[in-house]
Amino acid sequence: QVQLVESGGGLVQPGGSLRLSCAASGSIFSINSMGWYRQAPGKERELAAIMYSGGGSRYADSVKDRFIISRDNATTVHLQMSSLKPEDTAVYYCLAAITTTSFGNHNYWGQGTRVTVSS
């Protein structure tokens, strides 16, 4: 019923920048929040940044002051990443808490986009 599609991942050198995007589509009534989680090899998935419907946002300490989350419309979220470090290497997943036209609230995940920071 709902699909989240991420884009923007790739290979970047340390200190570089990258912009991730996620677009939600489907039988959507409303989106409560959208954000980004990441999972590095051998590690658990962790929150990178999330933005709530009221406009508030929350960042992991490890990315604060380097990453900026934004929403340019109701169904699209971006993650502007700067001053990238090798430890930022991970698969980044888009997350959206969505109320559909036929069901209640539910969390939906994108398939992920890979970010590799290496010289």
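Hydrogens, waters and symmetry mates are skipped; everything else that's a heavy atom, side chains included, is used.
Residues passing the ring-ring contact (aromatic ring centres under 6.0 Å, His included) test with Tyr108, sequence neighbours excluded: His106. The side-chain contact (heavy atoms from CB on, under 4.5 Å) test applied to Gln1 returns Ser27, not counting sequence neighbours. By the side-chain hydrogen bond (donor to acceptor under 3.5 Å, both in side chains) test, Arg66 pairs with Asp88, sequence neighbours left out.
Gly35 and Ile69 make their closest contact through CA-CD1, 3.9 Å (heavy atoms, listed as atom of the first residue, atom of the second, distance).
Here Phe103 is tied to no hydrophobic group at all, with no ILVMFWY side chain closer than 4.5 Å.
The distance from the OH atom of Tyr37 to the CG atom of Leu47 is 4.5 Å, given to the nearest 0.5 Å. Atom CD of Gln39 is separated from atom CD of Glu44 by 8.5 Å, given to the nearest 0.5 angstrom.
Counting non-hydrogen atoms of other residues, nucleotides and ligands closer than 6.0 Å to CD of Glu87 gives a total above 12. Under a cut-off of 6.0 angstrom, the local environment of CD1 in Ile68 is sparse, with at most 12 non-hydrogen atoms contributed by other residues, nucleotides or ligands.
Sorted by first then second residue, the disulfide (SG to SG under 2.5 Å) pairs that include residues 64-97, not counting sequence neighbours, are Cys22-Cys94. Pairs passing the side-chain hydrogen bond (donor to acceptor under 3.5 Å, both in side chains) check and including a residue from residues 109-119, sequence neighbours excluded, do not occur.
Clustering ILVMFWY residues whenever any of their side-chain heavy atoms sit less than 4.5 angstrom apart, transitively, puts Tyr92 in a cluster other than the one holding Leu95. Note on Tyr59 and Val115: same hydrophobic cluster, where clusters join Ile, Leu, Val, Met, Phe, Trp and Tyr whose side-chain heavy atoms are under 4.5 Å apart, directly or indirectly. Taking hydrophobic clusters as Ile, Leu, Val, Met, Phe, Trp and Tyr residues chained together by side-chain heavy-atom distances below 4.5 Å, Tyr52 shares a cluster with Tyr93.
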Verdict with reasoning, Ser33 to Arg58, per side-chain hydrogen bond (donor to acceptor under 3.5 Å, both in side chains): CA-CA 11 Å; Ser33 61; Arg58 180 163 64 94; over 6 Å; no
Audit row: Val77, Ile31, side-chain contact (heavy atoms from CB on, under 4.5 Å) steps and yes/no: CA-CA 11 Å; Val77 65; Ile31 299 179; over 6 Å; no
Step-by-step side-chain contact (heavy atoms from CB on, under 4.5 Å) determination, Glu6 to Leu20: CA-CA 7 Å; Glu6 304 107 327; Leu20 306 183; over 6 Å; no
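Side-chain contact between Leu18 and Phe67 is absent, with no heavy-atom pair separated by less than 4.5 Å. The side-chain heavy atoms of Met51 and Met34, taken from C-beta on, include no pair separated by under 4.5 Å.
Applying the side chain to side chain contact (heavy atoms under 4.5 Å, CB included) test between Trp36 and each of Ile50, Leu79, Val63 identifies Leu79 as the sole match.
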